[in-house]
Amino acid sequence: MVCLGNICRSPLAEGILKSKTNHLDVVVDSAGTAAYHIGEQPDIRSIAIAKKYGIDLIDQRARQFCINDFDDFDKIYAMDTSNYTSIISLVRNESDKDKVDLILNEINPKSFQSVPDPYYGGDNGFQDVYDMLDEACDRIVEQIG
Ligand code: 4NP
């Protein structure tokens, strides 16, 4: 799960997908395309909305997306089109490229819609982000479960 800062959207996506895949042998992680927040906990608003649904993000720490992630993961979900472009700029081959998709394409295939960046908005933005990611993660689990 990849966003820009790895403190708002992708930590939530990581927490939601982990909560839905406890019973499966999958590794879920998140990262940011930017380095601004490396080592930080998720935004308190992401922690709060996750907690509302019984999901704990407290132990997460922001890290930057890196080339090795193409080797370590089968799917790489970008939260928005800018993150998508940043990740695609790093691919080494077609196999890397095939792993990358926008997460909302799981709900509406090939729609290339973005999860809006909630960083500068109010708490409602985080509820909207949660709802989108929850539905997208349900679609992902349907495929891998
Ligand atoms: P995220 O949100 O990409 O969902 O983690 C943001 C977090 C920080 C910034 C931008 C977006 N920032 O500009 O610091």
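Here the structure is a predicted model, which means the values were calculated and not measured. Whatever order the structure lists ligands and atoms in, that order sets their numbers, starting from 1.
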**Q.** Student check: side-chain heavy atoms of Y119 and I7 closer than 4.5 Å
**A.** yes

Q | Donor-acceptor pair between Q127 and D131 side chains, under 3.5 angstrom | A | yes

Q: Collect the protein residues that have a non-hydrogen atom under 4.0 Å from ligand 1 and hand them over in chain and number order.
A: C3, L4, G5, N6, I7, C8, R9, Y36, H37, D117, Y119, Y120

Q. Any sub-3.5 Å donor-acceptor pair from N105's side-chain atoms to D101's backbone N or O?
A. no

Q: Working to the nearest 0.5 Å, report the span between CD1 of I58 and CD of Q41.
A: 5.0 Å

Q | Steps toward ring-ring contact (aromatic ring centres under 6.0 Å, His included) verdict (F73, F65) | A | CA-CA 12 Å; F73 296 94; F65 181 82; 8.8 Å; no

Q. For the residue pair F112 and Y84, does the interplanar ring angle fall in the parallel (under 30°), tilted (30 to 60°) or perpendicular (over 60°) class?
A. perpendicular

